[in-house]
Amino acid sequence: MVTAPELDAPVVRFPLRPPFTVDTLFELVDDGLRYQVMDGELIVTPPAEPADNLAADRIGRLVEPLTPRNIEIITNSAVRLPNGDGPVPDLLATTADPLEHPRGIPAELVPTVVEVVSPSNASDDRVKKTALYANAGIPCYWRIELRPWREHLGPVPSIVVRLLGEDGDWHTTTFPAGQESLIPLAIGRGPELLPVRLDPAVLVGRRKD
């Protein structure tokens, strides 16, 4: 079935029929909407708000100069999960050559994904994608929260990092606006972590040169 995260979100009907996989995304006509395949369902997502795009763009500009040469930072590209799903994170770090993977970046070549949470996709980003990325073995997930949420009524924006530790357990840390922190970014499937020093407050508002 084709689902949308909000009742008033646009739903477009297709001649395509399930089962939906990541390959389905490359059979669709570009109509300005964002499509993803999660749990075998084709999800229709409204265009992101400008503030959400700004936060993703700033993360990319801040992180890219710090990464090794074998890491590419890519926006809005499908991740090819082992179960056939194809979520599309706002940003990802990959060791892949994008030219070699025109129909989605394999999950095993994606050490970090970044999602900016908006009201229309909050449940997917906080719950569904957390599970999908973890099950695919992606070791680092940055969730950018621009608005307070039930578990955090403190300063925003905040960056919630879910990281696979050397002990094999998942560890979640929230980095709120208002303080500069070393935020870990995975650049490989092993223990390779890049500490990114930033205050999440820089992700919104006017630049301060």
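Keep in mind that this is a model prediction, so the values were computed, not measured. In what follows, residues are counted from 1 in the order of the sequence shown.
- Across every non-hydrogen atom of Pro148 and Val156, the tightest pair is N-CG1, 3.8 Å.
- When atom types are taken as modelled, the side chain of Ser77 and the backbone of Thr75 share a donor-acceptor pair closer than 3.5 angstrom.
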Evaluate salt bridge (charged side-chain N to carboxylate O under 4.0 Å, His left out) for Lys129 paired with Glu115, printing each intermediate quantity in order. CA-CA 9 Å; Lys129 285 190 174 181; Glu115 298 280 6; 2.7 Å; yes
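- For the side chain to side chain donor-acceptor pair (under 3.5 Å) condition, the pairs that include at least one residue of residues 152-162, sequence neighbours left out, are His152-Ser158.
- With Thr94 contributing its side chain and Leu109 its backbone, the two residues share a donor-acceptor pair below 3.5 Å.
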Give the intermediate values and the outcome of side chain to side chain contact (heavy atoms under 4.5 Å, CB included) for residues Val160 and Thr172. CA-CA 7 Å; Val160 182; Thr172 301; 3.6 Å; yes
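- Looking only at side-chain heavy atoms (C-beta outward), Leu164 and Cys140 stay at 4.5 Å or farther from each other.
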Take Glu145 and Arg147, measure what salt bridge (charged side-chain N to carboxylate O under 4.0 Å, His left out) needs, and give me the verdict at the end. CA-CA 6 Å; Glu145 295 275 2; Arg147 307 157 189 85; over 6 Å; no
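- Atom CD of Glu166 has 12 or fewer heavy atoms from other residues, nucleotides or ligands within 6.0 Å.
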Side chain to side chain contact (heavy atoms under 4.5 Å, CB included) evaluation trace for Ile59 with Val196: CA-CA 10 Å; Ile59 284 286; Val196 179; over 6 Å; no
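- Atom CG of Asn135 sits about 10.5 Å away from atom CD1 of Ile138, to the nearest 0.5 Å.
- Rounding to the nearest 0.5 angstrom, the gap separating the CG atom in Leu99 from the CD atom in Glu72 is 9.0 Å.
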Identify all side-chain donor-acceptor contacts of residues 180-188 below 3.5 Å with residues at least two apart in sequence or on another chain.
none

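- Contact detail for Ala107 and Pro82: the closest heavy-atom pair is CB-CD, 4.2 Å.
- When all heavy atoms of Leu91 and Ala56 are compared, the closest pair comes out as CD2-O, 4.0 Å.
- In the hydrophobic clustering of ILVMFWY residues, with side-chain heavy atoms under 4.5 Å counting as a link, Val161 and Ile71 come out together.
- No single ILVMFWY cluster, assembled from side-chain heavy atoms under 4.5 Å apart, contains both Tyr141 and Leu163.
- Two different hydrophobic clusters hold Trp170 and Ile159 under the rule that ILVMFWY side chains link at heavy-atom gaps under 4.5 Å.
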Apply side chain to side chain contact (heavy atoms under 4.5 Å, CB included) to residues Arg103 and Asp23 and explain how you reach the verdict. CA-CA 7 Å; Arg103 295 173 71 88; Asp23 290 307; 3.3 Å; yes
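- Both Phe20 and Val22 sit in one connected hydrophobic cluster of ILVMFWY residues. Membership requires side-chain heavy atoms under 4.5 Å apart, directly or through other members.
- A donor-acceptor contact shorter than 3.5 Å is absent between the side chain of Asp39 and the backbone of Glu41.
- Of all the heavy atoms in Val114 and Pro89, the pair that sits closest is O-CB, 3.7 Å.
- Although no hydrogens or angles enter the test, the distance criterion places a donor-acceptor pair under 3.5 Å between the side chain of Asn121 and the main chain of Ser118.
- Residues satisfying the salt bridge (Lys or Arg N to Asp or Glu O under 4.0 Å) criterion with Asp85, sequence neighbours excluded, are absent altogether.
- Atom CZ of Arg34 sits about 11.0 Å away from atom CG of Leu25, to the nearest 0.5 Å.
- Between the side chain of Arg126 and the backbone N or O of Val117 there is no donor-acceptor pair closer than 3.5 Å.
- A salt bridge is defined here as a Lys NZ or Arg NE, NH1 or NH2 lying under 4.0 Å from an Asp or Glu carboxylate O, and Arg58 with Glu64 fails to meet this definition.
- Residues Pro176 and Pro200 share a closest heavy-atom pair of O-CD, 3.6 Å.
- Residue Leu54 comes nearest to Gly205 through the heavy atom pair CD2-O, 4.3 Å, listed as atom of the first residue, atom of the second, then distance.
- Following chains of ILVMFWY side-chain contacts shorter than 4.5 Å, one can reach Ile105 starting from Leu81, so the two form part of one hydrophobic cluster.
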Might you work through the side chain to side chain contact (heavy atoms under 4.5 Å, CB included) test for Asp90 and Asn76, ending with a clear yes or no? CA-CA 5 Å; Asp90 293 295; Asn76 297 316; 4.1 Å; yes
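- Side-chain atoms of Asp52 do not come within 3.5 Å of backbone N or O of Val116 as any donor-acceptor pair.
- Note: Tyr133 OH to Leu92 CG = 8.5 Å, rounded to the nearest 0.5 Å.
- Note: Leu132 CG to Thr130 OG1 = 9.0 Å, rounded to the nearest 0.5 Å.
- Counting heavy atoms from C-beta on, the side chains of Leu203 and Leu62 come closer than 4.5 Å.
- Rounded to the nearest 0.5 Å, atoms CG (Leu42) and OH (Tyr35) are 7.5 Å apart.
- Counting only distance, with no hydrogens or angles, the side chain of Gln36 and the backbone of Val88 share a donor-acceptor pair below 3.5 Å.
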